[in-house]
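Heads up: the structure comes next, in structure tokens.
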Amino acid sequence: MWAFIHKLGSPKWFYGISAKLQPWFWAAAALLIVTGSLWGLAFAPADYQQGNSFRIIYVHVPAAFLAQSIFIAMAVSGLVFMVWKIKVADMAAAVMAPLGAAMTFVALFSGAVWGVPTWGTWWMWDARLTSMLILLFLYLGVIALRGAFTSRDSASRAASVLAMVGVINIPIIKYSVDWWYTLHQPASFTLTSRPAMPTEMWLPLVIMVLGFYCFFIALTLMRTRSEILRREANKRWVQELVTGQVVKVPAEEAR
Amino acid sequence: MPLREHNGGLMTAVKATLVRDLTLLLRRRGEVLNPLVFFALVITLFPIAISPDPELLAVIAPGLLWVAALLAALLSLDSLFRSDYDDGSLEQLLLAPQPLVALSLAKVAVHWLLTGLPLALMAPILGIMLALPAGSYAVLALSLALGTASLSLIGAIGAALTVGLARGGVLLSLLVLPLYIPVLIFGAGAVQAAIFGEGVSAHLAILGALLAASLMLAPWAIAASLRISING
Amino acid sequence: MPLREHNGGLMTAVKATLVRDLTLLLRRRGEVLNPLVFFALVITLFPIAISPDPELLAVIAPGLLWVAALLAALLSLDSLFRSDYDDGSLEQLLLAPQPLVALSLAKVAVHWLLTGLPLALMAPILGIMLALPAGSYAVLALSLALGTASLSLIGAIGAALTVGLARGGVLLSLLVLPLYIPVLIFGAGAVQAAIFGEGVSAHLAILGALLAASLMLAPWAIAASLRISING
Amino acid sequence: MAFDSFSEFLAMGGHAPYVWSAWGVTALLLLATVWHARAEQRQLIKGLKRRARRANSARGNAQ
Amino acid sequence: MSLCLQARQLACERDDRWLFQGLDLEVRSGEIVRIEGPNGSGKTSLLKILSGQLSDYQGELFWNGAAMNEAREHFLANLLYLGHAPGIKSGLSPLENLAWYQALSGESGNEEQRLEALERVGLAGFEDVPAGQLSAGQQRRVALARLTLTPRALWVLDEPFTAIDRHGVADLERQLVAHAQAGGCVLVTTHHELTASPLLRRISLG
Amino acid sequence: MSLCLQARQLACERDDRWLFQGLDLEVRSGEIVRIEGPNGSGKTSLLKILSGQLSDYQGELFWNGAAMNEAREHFLANLLYLGHAPGIKSGLSPLENLAWYQALSGESGNEEQRLEALERVGLAGFEDVPAGQLSAGQQRRVALARLTLTPRALWVLDEPFTAIDRHGVADLERQLVAHAQAGGCVLVTTHHELTASPLLRRISLG
Ligand code: HEM
Ligand SMILES: Nc1ncnc2c1ncn2[C@@H]1O[C@H](COP(=O)(O)OP(=O)(O)OP(=O)(O)O)[C@@H](O)[C@H]1O
Ligand SMILES: Nc1ncnc2c1ncn2[C@@H]1O[C@H](COP(=O)(O)OP(=O)(O)OP(=O)(O)O)[C@@H](O)[C@H]1O
Ligand SMILES: [Mg+2]
Ligand SMILES: [Mg+2]
């Protein structure tokens, strides 16, 4: 177990193994997203109430799921980094944050756009919308904090602490906002009370969600590899890797 | 020269830290008043910017009071550890043979005593100016007293994380404000419930629970963050 | 070694100061965004603390937006001269053979460019979230662009006066907020006038006049205040 | 197929601006992240190579 | 009981540049160890690592034979560190500053001790002036008063002579030697030339 | 044309204590004037008064015979002051810091001059590192690079040797002498003993 964790912690090992895993995830992501998009955009039936505007769900929901999952993944990476001093975990956390913020933005934007035909307004202070907005701020905070430090080690540890504090707070925030919203009840629409969807509507949704998760994993692997190169630039194995001409197949070099 | 054993004295150190921070703040008498005056000023901005209509003001008063108090508490946080960092005493605090958790808790306690508590005591007066309906004043003060304690604890994490950074002030708000939202909801909720004549005990109980949770977790996060900031 | 005559080069110095401050702020990319995020965060606090009801929000939106923008501009002011003071470059700025008035005006210009202007551009988006009635968005942005310039100039006087003091942040707000009130009245007034379909040009003209007056007087006050702060 | 013609598909039953802007922004952001990640990797490797060359030549000069 | 601070294979990297690598170091009772090196050679970084303020390094630290992680509390109870910044609050008087430092180490002490310590560093008459109104050298002297006030075995001093005048420097040097002779131990960086002493040992960086 | 800074009957009071009283002082081209005195004797205060940063004093100042008030602009055009704080922005690289100082004096200068000045103070290779990541001594060296980069007749230096290593101190001393020989003038406080030179003159405070 220990040996495995420390092997996992070695940037060199990770660089190698991720090179092998990465193509599979990219392929899966492309396949799933293209299938899901075609199906969702062109083949799934229109909603009997919302008509075709409902097709926004196929980007809105995957983005919203991913936005929340990435924050948890980031906090877990932070914990792993703080407890076991595994640097790769922090590198992954560092590259996850911008993607998480982007996904939160996508969820917010698609939701806002969707609101115009369905609710007649871009925005309302619904519980889920509000907590999503706060999630965006949490992401921005983590990114800003990491960028504000000049020392990389301090930046990593500070961002980890903030991600962990934030992840403890997310359920609390969600609970309070929900509670607050049920207290006020100003609007007549809610996201939660939707009739069950027919299969040909939710199947493409499941495919899109899976596709987004694969995309997230693939991108994180790729950018973590870049981050490894950046941080380990003066390690011998990186220099060998670069001067040897076989940068394209680094798996063998890395071993 | 014999080596010393680590021989306690925690209470001495905590007490001295409390006294020191209290002296420092009270010596510059004006500074204790600053958050209060800021609170009052922000509250006066709203009628000017929105409308002097007392009926409208009464509706929005609980929210305005809570937001303004929250901002006042937030702004005074930036200096919680900064001057200690600048003159090197934070370094010394970290190298003291005493648990950093206890010492930093003492500093936070002083902060609450000299900002949160006065804000809570002053809020009813400003409530009068905003035409806050009678009967909610006690709840306003109580909810603020409980709530600002959590705010000080949570905010101190942010202050500790940003103490080494040049332009900490605004970054601190960015880190801390999202975490303040639960406290704000239940705090403002308590006052609104009092106005509508509903029961406030549930709100206050949750505020108490939030405070208990912050008291358990925040000091560790503060200590860890201070260690990080000293690191470079 | 021959003595130098004082030989102009004012433009060089002003330009270099502009470039220097811009570089410093843009280098820490996050920091330029901080006031914006603070603005957005404060705006988020109000519906949570008051009520999510769009009709109520629409009524109070102009005031809330203006107060929040004003606070965001205010908070970022504290750092305007502080880091220069701490590392000794302010001393050097004062000893430069160039008029301090021009150099400090350059610093204020950078501050407006990187806080006031972005705030003005972002306000309409937040206006949407507060259900601000259509048709007032352009006026909102314009009034903020004009108004924040005055705010930066007036605020810089306060920043210069408090730069030598340890716990400047809150004191600064205290000095500056009362001076902000005219700008706030006409700024929020312009947006409200636009909502009610009244003419906005009078309001905007007064905002312009306030800006002209600040431009004429504030730089001298800033320079004098900096001299006083260095003297301590 | 939920649509009878391509133009109908584009019109999205009158919801075109909403559907396409939401999908468009999503697609744009996804593609931009991929593009950014690739550019980042290329640039890094190029920088590392340049650095290695510089180090090599420095070592060569020293000998 | 004698003290011993050991470092094995210490290495510290800053901005892709090794400040030092494979540094072995042993400091024992009765020694004055002077860390030497030109500007930017890593003296301050080394002292921060040894005193546990900088964690971004490689290698191991031992205190009296035990790994530093485990012995940290005992180590801190015997350490007195003075860094580039003197750690003096400008709003408090020298007396109040010292009272806090005494309490931090768990003793409440008494006023007389503190007055005496201030007198020893030549600050008699300035006991109640806010420290912010003292000159650069006087502020450092307040910090130096801790050397006599809160006795610790291991002194780690980063440029303690900064801003101190000629008499002060001579006094301080004598104090360092006396501390080492009494069985204490001093780790110091300074660009000022220390007078030779059999207790003095040098370690060069960079 | 030679320069001349005069002070007549200068007196400065701090906290009901006279730091100095009735001080007459004249500084001319070709001199190195060292202000001496123990900690807290008022050296920094004197330099601040002379350079026009502290206005809480009694007495009169003259620049080349004219009252300081009237000659202030010409005085500033010929003054280079380095205080306790080095005036270096930690977010900017040494090159950028120097560029600003050059522009402040009204010249745009060029990159080569700046690179050369940095090399002279031993910072070759650190031109593009953010100054905040430099060591204490290296940061001061950036400030000292201004001495060659923006030539001024009158140098007012408050403890310029702080944090500078042995080689750096020797270099700087040579530079002071060369400046005086070239007809410039140096006003300096330091606790470090300057090597004797016919150009050196001492003024004792306290
Ligand atoms: C800015 C506006 C919006 C935001 C921030 C937002 C946010 C979210 C979030 C966070 C989720 C995931 C919930 C979960 O984790 O279970 C979600 C799901 C969903 N949203 Fe939105 N939403 C917005 C607007 C809309 C609109 C206008 C509609 C359509 C009327 C809509 C329909 C849905 C549906 C159907 C789901 C999936 C249902 C579920 O999983 O419970 N959303 N949204
Ligand atoms: N801001 C201030 N307010 C009040 N008194 C001050 C202030 N600054 C200095 N003093 C007083 O003036 C005296 C002289 O201070 P100054 O800094 O000029 O001394 P110095 O000769 O430069 O000493 P050092 O060698 O320590 O640098 C000090 O004793 C101090 O008490
Ligand atoms: N916070 C930091 N981040 C990155 N690099 C740093 C940091 N602090 C110092 N360094 C680098 O480490 C090197 C050594 O710095 P250090 O302060 O240990 O030197 P020093 O030997 O104490 O020098 P001095 O004699 O000038 O005090 C410097 O060259 C600097 O570039
Ligand atoms: Mg050092
Ligand atoms: Mg001095």
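Within every chain, numbering begins at 1; the chains are lettered A, B, ... in the order of the sequence lines, protein sequences first and strands thereafter.
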Are A/Trp123 and C/Pro54 close enough that some pair of their side-chain heavy atoms sits under 4.5 Å apart?
no
First locate atom OG1 of A/Thr130, then atom CD1 of C/Ile48, and finally report the distance between them rounded to the nearest 0.5 Å.
5.5 Å
Could you tell me whether a side-chain N or O of A/Trp125 sits under 3.5 Å from a main-chain N or O of C/Asp53, the two making a donor and an acceptor?
no
Does anything in residues 117-134 of chain C get under 4.5 Å of chain A by heavy atoms, and if so which residues?
C/Ile128, C/Met129, C/Leu130
Proximal component of A/Ile134, with respect to chain C [non-hydrogen, under 4.5 Å]
side chain
For atom CZ of C/Phe186, is the number of surrounding heavy atoms from other residues, nucleotides or ligands below 6.0 Å larger than 12?
no
Given C/Val37, C/Leu56, C/Thr44, the one with more heavy-atom pairs under 4.5 angstrom with chain A than any other is C/Thr44
A/Arg152 meets the salt bridge (charged side-chain N to carboxylate O under 4.0 Å, His left out) criterion, sequence neighbours left out, with none
Correct closest heavy-atom pair for A/Phe137 and C/Leu41 would be CD1-CD2, 3.4 Å
Under the salt bridge (charged side-chain N to carboxylate O under 4.0 Å, His left out) test, which residues partner C/Asp84, sequence neighbours left out?
C/Arg20, C/Lys107, F/Lys89
Under the salt bridge (Lys or Arg N to Asp or Glu O under 4.0 Å) definition, can you give me all pairs with a residue in residues 117-138 of chain C, not counting sequence neighbours?
none
Where on C/Leu57 is there a heavy atom nearer than 4.5 Å to chain A: the side chain, the backbone, both, or neither?
side chain
